[in-house]
Protein chains: 2
Amino acid sequence: MTTAIAALTKNQALVFETLARAKTPMSAYTILDQLRDNGFRAPLQVYRALDKLLDAGLIHRLESMNAFVACSHEQCHTAGLIAFAICENCGQVSEFADAAVSRHLTDWARDHKFNVAKTTIEIRGACNTCANA
Amino acid sequence: MTTAIAALTKNQALVFETLARAKTPMSAYTILDQLRDNGFRAPLQVYRALDKLLDAGLIHRLESMNAFVACSHEQCHTAGLIAFAICENCGQVSEFADAAVSRHLTDWARDHKFNVAKTTIEIRGACNTCANA
DNA sequence: AAGAATTGCGTAATGCTATAACATTTGCCA
DNA sequence: TGGCAAATGTTATAGCATTACGCAATTCTT
Ligand SMILES: [Zn+2]
Ligand SMILES: [Zn+2]
Ligand SMILES: [Zn+2]
Ligand SMILES: [Zn+2]
């Protein structure tokens, strides 16, 4: 039995480590630029790694900003619906799972016979630090 | 006192009517193509109109697909948090307001002292019709 | 009405995000 | 070792959004 991270290929590991080190979300092209010294030359090298990392639940895509973040939980993808609070000033992202929100949206889907594949919840605004500055 | 729609400029009205007629979300470039005969030549003409329509609450942007839809409610923007269920097969979008979801996310923001500017909720999946086909 | 300020418009150029297509390499297993 | 699946490298292209500039129309103020 190996951990998910040990199974990563070289490119996948490089992309994941770049995201894990970052304090804020990164776009695919920003990741590319940071990995030029590691032999990355083209966007596809990044996007292919990102796809695998998304599948593995190691990272998340923030739809409202076309950017990616490392998952801040150990195996958060088992925790049901994930939401994000994104500070538009400093870029910090808080990842959280709210069971009540998850349940209500699941209920809505059941009531309307909608077959859910993926749910995106992103709150944009100002974090506590930035709001007081 | 005039209605919001009466205050629209020519370009804004053309873009809004295009979206209002559409049965599914449209990208800015698709809108542009449909308005070539009306004198539209450049993306900016569409994006400027979209910005105003978003401000007015007459349309919504679907972050997970870089597309836009006409609001399906009369003045829905007064109804608090809006969510979307998007069928990935037929493209149909259901716009709904769930008070319980809205309240729970508001509570989370209060508890974490996060100053909310805008919230995105988008459910991707298959609508009832498509799931049974 | 004249001038100033705001808003909207037209056009061209550019930048950012993502995928298609094709060839090659690598790792694994029958 | 031969064959297969996954990963990689490279080039080109498609799709989405904004910057910059100049001008025209509208609205506000005096
Ligand atoms: Zn996570
Ligand atoms: Zn902040
Ligand atoms: Zn609406
Ligand atoms: Zn459908």
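Chain letters run A, B, ... following the sequence lines, proteins first and then strands; every chain starts at 1. Values in this document were obtained by computation on a predicted structure and should not be read as measured data.
Sorted pairs that involve residues 37-54 of chain A and meet salt bridge (Lys or Arg N to Asp or Glu O under 4.0 Å), not counting sequence neighbours, are lacking altogether. Among pairs with a residue in residues 105-117 of chain A, those fulfilling salt bridge (Lys or Arg N to Asp or Glu O under 4.0 Å) read A:D107-A:R110, at least two apart in sequence or across chains.
Using a 30° and 60° split on the angle between ring planes, A:Y47 and A:F68 fall in the perpendicular class, above 60°.
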Result block: side-chain N/O donor-acceptor pairs under 3.5 angstrom for residues 10-18 of chain B, not counting sequence neighbours:
residue : atom : partner : partner atom : Å
B:Q12   : OE1  : B:T9    : N            : 3.2
B:Q12   : NE2  : B:T9    : OG1          : 3.4
B:T18   : OG1  : B:L14   : O            : 2.7

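At a threshold of 4.5 Å between non-hydrogen side-chain atoms, the residues B:L8 and B:L53 count as touching. Contact annotation: the side chain of A:Q92 never approaches that of A:I86 to less than 4.5 Å [non-hydrogen atoms, C-beta and beyond].
Partners of B:R124 according to the side-chain hydrogen bond (donor to acceptor under 3.5 Å, both in side chains) rule, which considers only residues two or more places apart in sequence or in another chain, are B:S64, B:E88. B:F40 pairs by the ring-ring contact (aromatic ring centres under 6.0 Å, His included) definition with nothing, not counting sequence neighbours. Partners of A:F114 under the ring-ring contact (aromatic ring centres under 6.0 Å, His included) rule, at least two apart in sequence or in another chain, do not exist in this structure. Residues forming a side-chain hydrogen bond (donor to acceptor under 3.5 Å, both in side chains) with B:N132 (at least two apart in sequence, or on another chain): B:N128.
Counting only distance, with no hydrogens or angles, the side chain of A:Q34 and the backbone of A:I31 share no donor-acceptor pair below 3.5 Å.
Interface residues of residues 35-48 of chain B facing DNA chain C, ordered by number: B:R41, B:A42, B:L44, B:Q45, B:R48; criterion, heavy-atom separation under 4.0 Å. Remark: B:S27, B:Y29 in residues 26-34 of chain B come within less than 4.0 Å of DNA chain D through at least one heavy atom.
Minimum heavy-atom separation, A:E95 to A:C71: OE2-SG, 3.5 Å.
Extent of DNA chain D lying under 4.0 Å from chain B heavy atoms, first and last nucleotide in 5' to 3' order, is D:dC16 to D:dA20. Where DNA chain C meets chain B (any atom under 4.0 Å from a heavy atom), the bounding nucleotides read 5' to 3' are C:dG8 to C:dT11.
For the helix from C:dA1-D:dT30 to C:dA30-D:dT1, the terminal axes (five pairs an end, C1' atoms, rotation from four pairs onto the next four) enclose an angle of 30°, given to 10 degrees.
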